[in-house]
S.K.: 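Next up is a structure, given as structure tokens.
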Amino acid sequence: MENQTGSIVKFLNISKVFPGVKALDEVSFEIKKGEVHALLGENGAGKSTLLNILHGVNNEYEGIVEIHGKVVAYKNANEAILDGISKVHQEVSLIPDLTVGQNITLGCEPKKGLFIDYNKLHKEANKILKRMNCNFKSEDIARTLSTGEMQMIAIAKGLYHNAQLISFDEPTAALSNQEVNTLFSIINDLKRNGITILYVSHRLDEVFQICDRATVLRDGKHVDTFNINDVTREQLIKKMVGRDVSAYAVRKKKYPISNESVLKVENLSVNGVFESINFHLRKGEILGFAGLVGSKRTDVVRTIFGATRKTTGTIKINEKIVDIKSPEQAVKLGIGLIPEDRKTQGFIKYFDNANNVGLTKMEKFMKFGLLNHKSKTKNCNYYAEEINLRPKDPFYMTNNLSGGNQQKVVIAKWLSSDTDILILDEPTKGVDVGAKAEIYRVLEELIGMGKSIIVVSSELPEVLGLSDRIIVMREGRQVKEFINNNLTEEDILQYAMGVGNDVENARI
Ligand SMILES: Nc1ncnc2c1ncn2[C@@H]1O[C@H](COP(=O)(O)OP(=O)(O)OP(=O)(O)O)[C@@H](O)[C@H]1O
């Protein structure tokens, strides 16, 4: 029997340099066999780079990786999988038109002579799915499954290859509460079976809930590795950020809200998606939208922004009816939307930070018909400082930033824009704890300047901490509107989950 407390992975002096950035600087630590080990750090700290090295995605680095005491240098992710090192990442890449079983066994299908033995393939895949208590089958087509179920396939793929370690990178970002619970019970089950978990997340509650030990990276350097029970939340944040930061959304000042309504939405519907949405947004107010995954909050704000065509309803800006047919029109009318999917909808791949941050106000940087690069760079420098962009370099290509820093660029683009109405969809998803606090502070500043804000968020403490009023949605319907007076998470959840049925008296 193997030593349960021995290490499965040892990183020894791992360094990795990208042009202009030392992403990892002599990082050394161990992951013990059978533990759930959190890998933590701010955006750009080096977490993904280290994962890529572990999984053979990135094979040019300095230092040594040992698995089970043997030095390894995987040339690609497949070599790592065959050696028992698997990964489940946020954007699970499956072939949607293949069956679940084909996805699980892809590249290593059981064969009968020269041909794939489909009977055996489904039998083996179903055995794994049963072990994981999944309620879908190997024969199902992958495309028909939910995000959470697709993640289960990625885990099953690891188990098919006899995974000894599975890494998870922000696995809960797109999951419903129930799917998160299922995932955690599977992780506990894997752990009981001696499988090691490496867990990357910015959601600290989850880290305290399921992790045994944690390693913190900061600016590519190893800060500490410790038992999670030995630190408080505040101590953990301090290790990550290097200073005291509140991870909670708290409004420091309450500004007076005028009665002037800047946006009015009446009976807005999109056939088959959501119906009869009615609300108004006042000048200087933060209006929160709460609801479970699938409640269609994103669809509502995308429709207001002109990215989806409405079926019925009226939108008024400053009491005037407008017909917003495209996002360009919305921007002209003074509405900005920071989308949830910032990677594909937020920035231009071939632009540097200065161009991306300044994207919505290029005409402001024009002087005598020429682009004034100095003021564009100054604009970027200001916001890079505000939200702690890493690296802050205005000439750095946004596409080469870490995932979280790319998000910060998109957020900076809209914060720096001159929109009167700003809609933020999941503003702090994938954003580190330090930047969260900065974003909350900038939102407060904007409100102080008389702007109006809509925040869609799955993080209840965030909606509760920021909003003056909160609209709760469930399955495409607006089920409750609250004035945020000492509201609790339970108040919101009972409507989001369908326990409360105060639809008739929903508006206050
Ligand atoms: N392909 C690349 N080219 C240039 N620089 C890169 C590349 N990939 C990563 N970097 C840089 O390496 C550093 C570490 O990035 P990494 O993606 O590992 O951070 P992270 O901790 O995973 O951040 P996040 O929480 O935002 O995902 C960052 O400064 C990033 O800009």
Side-chain angles (χ1 to χ4, degrees), residues 11 14-27 29 37-63 65 87-91 167-174 198-204 206-207 214-224 236-237 239-242 245 247 341-343 346-347 349-354 356-357 380 384 387-412 426-439:
F11 293 109
I14 304 288
S15 294
K16 170 76 196 172
V17 178
F18 289 110
V21 182
K22 192 151 198 182
L24 293 172
D25 190 359
E26 309 247 329
V27 169
F29 70 95
H37 193 110
L39 182 58
L40 307 172
E42 289 185 279
N43 297 131
K47 304 176 298 290
S48 306
T49 306
L50 192 66
L51 282 191
N52 285 340
I53 289 173
L54 173 67
H55 291 288
V57 176
N58 199 326
N59 38 42
E60 286 175 13
Y61 57 90
E62 284 170 38
V65 181
K87 58 177 177 175
V88 177
H89 286 186
Q90 204 187 97
E91 290 114 14
S167 73
F168 291 82
D169 191 357
E170 293 278 354
T172 58
L198 183 56
Y199 196 85
V200 179
S201 179
H202 291 292
R203 297 185 167 178
L204 299 186
E206 294 179 358
V207 170
T215 289
V216 171
L217 300 179
R218 195 189 323 143
D219 293 329
K221 294 193 180 68
H222 176 255
V223 174
D224 201 1
L236 180 60
I237 293 173
K239 283 181 199 288
M240 288 164 59
V241 184
V245 171
D341 182 3
R342 292 181 272 266
K343 278 197 187 132
F347 65 89
K349 215 172 154 183
Y350 308 103
F351 276 9
D352 61 16
N353 290 338
N356 271 315
V357 173
C380 180
I387 55 164
N388 198 13
L389 190 69
R390 288 178 184 203
K392 290 192 170 49
D393 183 358
F395 305 111
Y396 204 83
M397 297 302 288
T398 307
N399 201 39
N400 286 341
L401 293 175
S402 76
N405 278 297
Q406 290 176 350
Q407 311 222 35
K408 288 187 193 175
V409 168
V410 181
I411 291 170
E426 304 290 356
T428 60
K429 184 172 131 186
V431 170
D432 67 54
V433 64
K436 256 188 191 185
E438 304 301 335
I439 290 170

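Counting starts at 1 for both ligands and their atoms, following the listed order.
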S.K.: Atoms of ligand 1 less than 4.0 Å from Glu42 heavy atoms?
M.R.: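 Under 4.0 Å from Glu42, ligand 1 has these atoms: 21 (O).
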S.K.: Which heavy atom of the protein is the closest neighbour of atom 25 (O) of ligand 1, given with residue, atom name and distance?
M.R.: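 Going by distance alone, atom 25 (O) of ligand 1 is nearest to Lys47 NZ, 2.8 Å.
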S.K.: Tell me, which protein residue and heavy-atom name are nearest atom 31 (O) of ligand 1, and how many Å apart are they?
M.R.: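 Here the nearest protein heavy atom works out to Asn400 O, 3.2 Å.
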S.K.: Could you name the option among Gly46, Ala45, Ala435, Ser48 that has the heavy atom nearest to atom 27 (O) of ligand 1?
M.R.: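 The nearest heavy atom belongs to Ser48.
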S.K.: Indicate the atoms forming the closest heavy-atom contact of Asp352 with Pro394, along with that distance.
M.R.: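 Shortest heavy-atom contact: CG-O, 3.4 Å.
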S.K.: At their closest point, which heavy atom of Val241 faces which heavy atom of Gly434, and how far apart are they?
M.R.: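 Heavy atoms only, the tightest pair is CG2-N, 4.2 Å.
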S.K.: Which of the atoms in ligand 1, numbered in the order shown and given with their element, are less than 4.0 Å from a heavy-atom of Ala23?
M.R.: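 It comes down to these atoms of ligand 1: 12 (O), 13 (C), 14 (C).
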S.K.: Closest approach of Glu170 and His202, non-hydrogen atoms and distance?
M.R.: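 Shortest heavy-atom contact: OE2-CD2, 2.7 Å.
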S.K.: Would one find more than 12 heavy atoms of other residues, nucleotides or ligands at under 6.0 Å from atom NZ of Lys221?
M.R.: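 12 or below, so no.
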S.K.: Taking all non-hydrogen atoms of both residues, which atom of Lys16 and which atom of Glu60 are closest, and how far apart?
M.R.: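 Taking Lys16 first and Glu60 second, the nearest heavy atoms are NZ-O, 2.8 Å.
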S.K.: Taking the non-hydrogen atoms of His202, is any one of them nearer than 4.0 angstrom to ligand 1?
M.R.: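 Judged by the 4.0 Å heavy-atom criterion, His202 does count as contacting ligand 1.
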S.K.: How close does the nearest protein non-hydrogen atom get to atom 16 (P) of ligand 1, and which residue and atom is it?
M.R.: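 Looking only at protein heavy atoms, the one closest to atom 16 (P) of ligand 1 is Thr49 OG1, 3.6 Å.
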S.K.: Say whether Gln407 and ligand 1 are in contact under the criterion: heavy-atom distance to a ligand atom below 4.0 Å.
M.R.: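 No, that is not the case, since the closest heavy atom of the residue is not under 4.0 Å from the ligand.
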S.K.: What protein heavy atom is closest to atom 1 (N) of ligand 1, reported as residue, atom name and distance in Å?
M.R.: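 That would be Phe18 CE2, 3.8 Å.
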S.K.: Pairing donors with acceptors under 3.5 angstrom, does anything connect the side chains of His37 and Thr215?
M.R.: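 Per modelled atom types, His37 and Thr215 side chains form a pair under 3.5 Å.
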S.K.: State plainly whether the residues Glu42 and Arg218 are in salt-bridge range, i.e. N to O under 4.0 Å.
M.R.: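 A salt bridge is absent here (no side-chain N lies under 4.0 Å from a carboxylate O).
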S.K.: Are Asn43 and Ser402 linked by a side-chain donor-acceptor pair shorter than 3.5 Å?
M.R.: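 No - no donor-acceptor pair under 3.5 Å links their side chains.
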S.K.: Flag Arg390 as yes when one of its N or O atoms lies below 3.5 Å from any N or O atom of ligand 1, and as no otherwise.
M.R.: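 In fact, backbone or side chain, Arg390 has no N or O that close.
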S.K.: May I ask you to identify the nearest protein heavy atom to atom 5 (N) of ligand 1, giving residue, atom name and distance to one decimal place in Å?
M.R.: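 Heavy-atom neighbour on the protein nearest atom 5 (N) of ligand 1: Tyr396 OH, 2.9 Å.
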S.K.: Need the ligand 1 atom indices (1-based, order shown) with element for anything under 4.0 Å from a heavy-atom of Leu401.
M.R.: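 It comes down to these atoms of ligand 1: 31 (O).
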S.K.: Any carboxylate oxygen within less than 4.0 angstrom of a Lys/Arg side-chain nitrogen, looking at Asp432 and Lys408?
M.R.: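 So Asp432 pairs with Lys408 through a salt bridge.
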S.K.: Aromatic rings Phe29 and His222: how do their planes relate, parallel, tilted or perpendicular, breaks at 30° and 60°?
M.R.: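 Parallel.
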S.K.: Please compare Pro391, Ser201, Gly44, Gly220 and report which has the shortest non-hydrogen distance to atom 19 (O) of ligand 1.
M.R.: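 The option holding the nearest heavy atom is Gly44.
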S.K.: With atoms numbered from 1 as shown, which atoms in ligand 1 lie under 4.0 angstrom from a non-hydrogen atom of Ser402?
M.R.: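 Contacts of ligand 1 toward Ser402, numbered from 1: 15 (O), 16 (P), 17 (O), 19 (O), 23 (O), 24 (P), 26 (O), 30 (C), 31 (O).
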S.K.: Using heavy atoms and a threshold below 4.0 Å, how should the contact between Val21 and ligand 1 be classified: side chain, backbone, both, or neither?
M.R.: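 Contact part for Val21 vs ligand 1: side chain (C-beta onward).
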